[in-house]
Q: 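Before I ask anything, let me first share the structure, which is written out below as structure tokens.
When reading the values below, keep in mind they use all heavy atoms of this one structure, side chains included, and skip hydrogens, waters and symmetry mates. Naming: A, B, ... by sequence-line order, numbering from 1 per chain.
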Amino acid sequence: MKIRDKKLFEEEKRKYDNKETPSRKTPEKFSTVSSEPIKELYTPKDIEHLEYMKDLGFPGEYPYTRGVQTDMYRGRTWTMRQFAGFGTAEESNQRYKYLLQGGGTGLSVAFDMPTIMGYDSDHPRSLGEVGRCGVAIDSLEDMVVLFDGIPLDKVSTSMTINGPAVILWALYIAVGERQGISSEKLRGTIQNDILKEYHAQKSFIFPPVQSMRIITDIMEFAADHVPKWNTISISGYHIREAGSTAVQELAFTLADGFAYVEAGIAAGMDVDKFAPRLSFFFNSHNDFFEEIAKYRAARRIWARRMKEKYGAKNPRSWLLRFHTQTAGCSLTAQQPENNIIRTAYQALAAVLGGTQSLHTNSMDEVLALPTEKAVTIALRTQQIIANETGVANTIDPLAGSYFVESLTDTMERRAEEYFRKIDDSGGMLAAIDNGFIRREIESSAYRYQRQLEKKEKIVVGVNEYRTNDEPDLEILKVDSELERKQAARVKKLREERDNGAVRKALKELNDAARGNDNIVPRVLNAVKALCTEGEIIGELKKVFGEYREPAI
Amino acid sequence: MAEKIIRVLLAKPGLDGHDRGVRVIAKGLRDAGMEVIYLGLHQTPEDIVEAAIQEDVDVIGLSSLAGAHMTIFPKVIELLKEKNAEDILIVGGGIIPEDDLKSLEDQGVDKLFLPGTTITEIAEFIRSKMDSRAA
């Protein structure tokens, strides 16, 4: 769009700006869910400093603002990847087979809290939590059952695991070996993003420096032996759920990404050896345009940094590929059916932002694990977007919008300000140590809570449009008997296995952890010797210590 | 005579780390004039009860978002009884299904706050309970 008569434009704009309307007396009322001020009107003036080839470019081309693939969803729609897992390995295995028979090719494994924190099912701290919010895995025996009858060269598997990621990954490789499938053929993702655990999700085990060493060991081992594996899914999702703004989610996630890249380079690897295997995971919250701008800015920032700052030469290292999950924290326990609508808008934002895969939340997740009916509606929401709305017909349809381009640019600039603050405080590990990131997120969470209480922000059914008769929703229950069975199973394993081999494997692991050898081969030996997850974590704790959060 | 300042102990028992809610409430109750001690993550019932007695608190607030409430909340109540500290008000919050909510309140939890509750409501509940006890 051209402005032929610049003088006329300026004149008309001045006239427009000088009109008095009631809404112009309270501009502060208009801001995103993250409190980012939004102007009444965006015009060509707001984007006149942008240059198409430098700032947008073509899809599949640097700086990838418009998308990472040449043909985006015309080639293939995004992967509809729904996260699932509960109870014992047998039960989850049945669910996975059911999903695969229905035409799915990707699995996404949810583990229970004891597995996530590195405790066996019979540990006192596991009491009441075994199999509750994911599947319980104690040893190779359980992992073999979890993937029984599922050929690992035919599926890609995403495992949401962080502190003990190296163990679950080794278990997966070991199951592959038993199926006669070499590690080069395995495809999947481990979340393995420990930095966001200190900021947000708080499922840390070891201190940051030691955790980063495990991660560089994983990146190196993967490059040599498991080349199709995504080694870290750098996650903003949890940062947002903990209450951050959209800009903070963007900035802290990318800053975590830079920290992994710097750690890999510092460990002596060529950046192009590991960077193509890094992927991202973002939240999709309620503020529609802010979310779209966030994804577009994320791609541009990552490409620019990887090329210009870290000197990556392989274009695959410049690509920010990402998974999206709709915002769990936006769901309300009140009038839960409304969550279907929230999730649909959030999913649409993720698609317009160019996501590679998507999980849509179920309406009842604010109450308990989702029922099958709720999960089906969530999946149908994605299918309706893909097949009925027509939004996937053309690539990045909002490009060129004065508002969306301006907001994308603002997000990039605000993220850069955070990168400078993090650099000034001595880098990401220092910003974790001195509590900078945590405080920033916490004060955003508190501000939002206050805005809700003062009704400066409205959530339908919660602080406005309430009703007295809330419908009863059917809730999924997890059988508590399975905890006893799973605990008995791991006890029996410890009695029946070759405990000499277990001690030897743990000793060798301890030696590698103390020295500079890559620990992954030692963990692999340990899981094959039937060491339990809790034993391996326990051995590593002896060397690496444990992280404790400072009190407030 | 100056009004006694209400002392609140907040904790996150169990293994999950979803501490957004408990941290927001810690700040909110402080702003409402209460003295708040937040014990942090992964607290066992024993840790919580010991700290509550040592710190001489009026209220214990427990947060649970990953299904551990049914084992941990009753255990805290049982330990408080053993230590003759049942006068401490027990409140909780998080993701707690309706049936569990009733069962926990029957077992002696004074009040469970579900998602969407305001800090003002929580502060008012605590104050009214404290006032009725003082009277």
Q: With only heavy atoms counted, which part of B:Ile25 is less than 4.5 Å from chain A, the side chain, the backbone, both or neither?
A: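 No part of it gets close to chain A.
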
Q: Under 3.5 Å, is there a donor-acceptor pair between the side chain of B:Arg7 and the main chain of B:Glu55?
A: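 Checking the backbone N and O of B:Glu55 against the side chain of B:Arg7, a donor-acceptor pair under 3.5 Å is found.
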
Q: Can you tell which of B:Gly28, B:Gly94, B:Gly14 has the highest number of heavy-atom pairs within less than 4.5 Å of chain A?
A: B:Gly28

Q: Determine the interplanar angle of the A:Tyr237 and A:Phe281 rings, folded into 0 to 90°, and report it as parallel if under 30°, tilted if 30 to 60°, perpendicular if over 60°.
A: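 The rings of A:Tyr237 and A:Phe281 lie parallel, inter-plane angle below 30°.
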
Q: Given heavy-atom pairs under 4.5 angstrom as the criterion, report whether the side chain, backbone, both or neither of A:Glu197 touches chain B.
A: neither

Q: Is A:Val366 close to chain B through its backbone or its side chain, or both, or neither, when contacts mean heavy atoms under 4.5 Å?
A: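 For A:Val366, the contact with chain B is made by backbone and side chain together.
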
Q: Have a look at A:Asn338 and tell me which of A:Arg342, A:Gln334, A:Gln335 forms a side-chain hydrogen bond (donor to acceptor under 3.5 Å, both in side chains) with it.
A: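 Result for side-chain hydrogen bond (donor to acceptor under 3.5 Å, both in side chains) with A:Asn338: A:Gln335.
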
Q: Heavy-atom distances under 4.5 Å only: say whether B:Leu114 touches chain A with side chain, backbone, both or neither.
A: neither

Q: Against chain B, work out which of A:Pro124, A:Gly243, A:Ala333 has the most heavy-atom pairs shorter than 4.5 Å and name it.
A: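 Of the options given, most contacts go to A:Gly243.
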
Q: Of the listed residues (B:His18, B:His42, B:Glu98), which shares the most heavy-atom pairs with chain A below a 4.5 Å separation?
A: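 Of the options given, most contacts go to B:His42.
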
Q: Among all residues two or more places apart in sequence or in another chain, which pass the salt bridge (charged side-chain N to carboxylate O under 4.0 Å, His left out) test with B:Asp58?
A: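 With neighbours one apart ignored, the set is B:Lys4.
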
Q: Whether the A:Tyr547 and A:Ser211 side chains hold a donor-acceptor pair (N or O, under 3.5 Å, no angle test) is what I'd like checked.
A: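 No - no donor-acceptor pair under 3.5 Å links their side chains.
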
Q: I need the residue from B:Leu39, B:Ile96, B:Asp19 with the largest number of non-hydrogen atom pairs under 4.5 Å to chain A.
A: B:Asp19

Q: Report yes if the side chains of A:Ile205 and A:Ile537 come closer than 4.5 Å at any heavy-atom pair, otherwise no.
A: yes

